[in-house]
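Count residues from 1 along the sequence.
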Amino acid sequence: MAEEDYGTFVDWTQMGDLAKSSGPTKVDCKELKEFKQMARQGHWAKNHKLRAQVYQQLIKTIPCRTVTPDAEVYRDLMGDAAHKKPTSQAPLPEFVDGNPVPRYCLKAEAVASVHRIINCIAGQFPDISHCPSLPAITSLLLHFSKDEAQCFEQVSRILACNEPGKRLLDQTFLAYESSCMTFGDLANKYCTTAHKLIVSTAQDVLEVYADWQRWVLGDLPFSHMVRVLDVYLVEGYKVLYRVAIALLKFYRKHKMGGQGGQGNQQQQDSGKIRADIQAFIRGIGSTIAPDKLLEKSFSIRLINRKEITLLQLTNEKSLQQKGITVKQKRRNVQLALNPDTFSSEIVSAKEMHDIWSWIPERFALCQPQLLFTTSVHGCSLNRFYSHCEGYEPTLLLIRTTDGDVCGAFLSSDWEERKRGGNKLSFFGTGECFVFRLKPEIERYEWVVIRHPELASSIKTEGQEGTASSEDNSLQQPEKPAGDLSPFLAARHFNLNSKNTSMFMAGNFDSIIVGGGEGNALYIDSELNHGRTGRCTTFDNPPLCAESFQVSLLEVWGFQDAMAQ
């Protein structure tokens, strides 16, 4: 009986259908690919004992540090107490950041066992400084453990994982905080409409996204969470991102459906939005089955471990540069701008707020800083360069004489143009994008983000050529590895065509954004006349009239609010 072997801590009256063991009773496979398929299909989802045995098998295969505490270590440390029920709950370590132990389907007294296991882990892993998801993981695994010692060993192996490029749990504040920023970036790219809803309703978007791990590890009902755990133990950390993004998509659908498709666009206190999302996820069982949640999670294209790792490293580097490596009081870094201090002749504070919601999450900690405007500095390309060089990234805003407004987010310093010598050369990374605000608002990202099939499996050799700005077959200078953000740099992709990685270029007589069969934006040396058209890099339509006169041009930098 599963109750006898792996049900010591389980309150079977709370398990519902999961208390009925059915389906396969063993798993005959050793290949990871087979495990992956079986986990997604729920091969062991209806048999508690089999699930417990599979978890044990999967966790034992995790590559760990040479010295990793096991069940015997727990028994030695706890002595006779290891075989007795705890009489009281010891306080949890500070590194769980106040997160309580989710009971799920445990017996009431088993929660004290989770406390005891976590406190023992704290003594064996002194390098853990911030691990808010540990209570949920420990509670979940206790459902499938014969005793506390076995649960302790399984959690220890998850924490001690040392496989290169693989992570299972954040154990430092730097890793956790960068994961929140990474989730914001992924939400921005892979569930844009839901992200826009959060941006338009929450006063502090980062505060809302700081809960993303708790949505999965804490708020999800047990029946849903164990299906996530099935896959998580096989595929790793990326599963948490996928499930959290799927939950955000379902939340947006729930909000729009409940309000006639319009939604409440008034900004609210972020705490209310967080509580609303939490209530939705806790009650998700009434409308969305566990397998439907997983199906939604794995229908999201392109998200992979490589992309997540690169983005996570970039965000960690950004936090380190700001000196944010340990937990501190969170500053209010909301995307809404102060209308009393923000002043632009092209966009309103509301429009700049919309643009800010598109930029990479690590720059959301920054405030806009006006670097150049033709109304003050005149219509000179030389002055444009002199005011913009040394700043990375920058935001270009253009208002035409017809009243249209468009622009571009440019990831790299304009000084990089000099590396091509006298030749017009493209540079920048795939974080660049172009947009228009009037007559309607729309953003156009790097085409490879939307169409990953454009990145081939065979790396193309040279990407060099010279021509005029009309045909855009421009030289692609060699970029030293340290000069670009590791995320979305073209050198990380095997592109079928150089025309899909022409982000920004400039010389003495023009600046160009987007290339390949045309330009998204071309501005002449007098910053007076411009052209716009479709280009293969962003696959955008013309951002305004194809030939236009510039009424006003502004360039904004990103001022580090934390350094003020």
* **By side-chain contact (heavy atoms from CB on, under 4.5 Å) - contacts of Gln53 (at least two apart)** => Tyr6, Lys49, Leu50
* Asked: Are Leu233 and Tyr55 side-chain neighbours, meaning at least one heavy-atom pair lies under 4.5 Å?
  -> yes
* Asked: Under 4.0 Å between a Lys/Arg side-chain N and an Asp/Glu carboxylate O for Arg227 and Asp230?
  -> yes
* Pairing residues for Ser270 by the side-chain contact (heavy atoms from CB on, under 4.5 Å) criterion, not counting sequence neighbours -> Ala202, Gln203, Asp204, Glu207, Val208
* Asked: If you look at every heavy atom in Glu148 and Ile117, which pair is closest and at what distance?
  -> O-CD1, 3.9 Å
* To do: Would you indicate whether the side-chain heavy atoms of Thr309 and Gln312 approach each other to under 4.5 Å?
  => no
* Asked: Are any non-hydrogen side-chain atoms of Tyr176 and Ser133 less than 4.5 angstrom apart?
  -> no
* Asked: Crowded around Glu295 CD? As in, over 12 foreign heavy atoms under 6.0 Å?
  -> no
* With rounding to the nearest 0.5 Å, note down the distance linking CD in Glu316 to OG1 in Thr182. => 8.0 Å
* To do: Taking the side chain as every heavy atom from C-beta outward, state whether Lys255 and Asp276 have any pair of such atoms under 4.5 Å apart.
  => yes
* Asked: In this structure, which one of Leu106, Val228, Val114, Leu229 forms a side chain to side chain contact (heavy atoms under 4.5 Å, CB included) with Leu140?
  -> Leu229
* Before accepting this row, confirm whether a basic side-chain N of the pair Asp354/Lys196 lies closer than 4.0 Å to the acidic partner's carboxylate O. => no
* Supply the atom-to-atom distance Cys191 SG to Lys296 NZ, rounded to the nearest 0.5 angstrom. => 10.0 Å
* Can we say Glu445 and Arg443 salt-bridge, meaning some charged N sits less than 4.0 Å from an Asp/Glu carboxylate O? -> yes
* Hey, mind stepping through Arg103 and Ser139 against side chain to side chain contact (heavy atoms under 4.5 Å, CB included) and telling me if it holds? -> CA-CA 7 Å; Arg103 182 179 167 185; Ser139 176; 6.0 Å; no
* Do Phe435 and Trp358 make the cut of ring centroids closer than 6.0 angstrom? -> yes
* Asked: Which value, rounded to the nearest 0.5 Å, describes the distance between Leu247 atom CG and Trp215 atom CH2?
  -> 7.5 Å
* Between the side chains of Thr429 and Ser411, is a donor N or O closer than 3.5 angstrom to an acceptor N or O? -> yes
* **From OG (Ser178) to CG (Asn315), nearest 0.5 Å** => 6.5 Å
* **Plane angle bin for Phe222 and Phe144 - parallel if under 30°, tilted between 30 and 60°, otherwise perpendicular** => parallel
* **Side chains of Met352 and Leu397 in contact at under 4.5 Å (non-hydrogen atoms)** => yes
* State, with a plain yes or no, whether a side-chain heavy atom of Val10 is found less than 4.5 Å away from one of Leu142. => no
* To do: For atom OH of Tyr391, decide whether the heavy atoms of other residues, nucleotides or ligands shown that lie under 6.0 angstrom number more than 12.
  => no
* Asked: For the rings on Tyr74 and Phe152, is their centre-to-centre separation under 6.0 Å?
  -> yes
* Ile59 CD1 to Leu168 CG distance, which is reported to the nearest 0.5 Å -> 9.0 Å
* Structure fact -> By salt bridge (charged side-chain N to carboxylate O under 4.0 Å, His left out), Asp170 pairs with (sequence neighbours left out) Arg167
* Structure fact -> Value for CG (Asp219) from CG (Asp211), rounded to nearest 0.5 Å, stands at 7.5 Å
* Does the side chain of Glu235 reach to within under 4.5 Å of the side chain of Phe298, using non-hydrogen atoms? -> yes
* Between Phe503 and Trp446, does the ring centroid distance fall short of 6.0 Å? -> yes
* Can you find a pair of side-chain heavy atoms, one from Leu410 and one from Pro393, that are under 4.5 Å apart? -> no
* To do: Step through the shown structure and confirm whether more than 12 heavy atoms of other residues, nucleotides or ligands are within 6.0 Å of CD on Gln369.
  => yes
* Given the side-chain rings of Trp212 and Tyr241, with only the six-membered ring counted for Trp, is the space between their centroids under 6.0 Å? -> yes
* Is there a donor in the side chain of Glu392 and an acceptor in the side chain of Ser412, or the other way round, less than 3.5 Å apart? -> no
* Asked: What do you reckon, are the aromatic ring centroids of Phe95 and His130 less than 6.0 Å apart?
  -> no
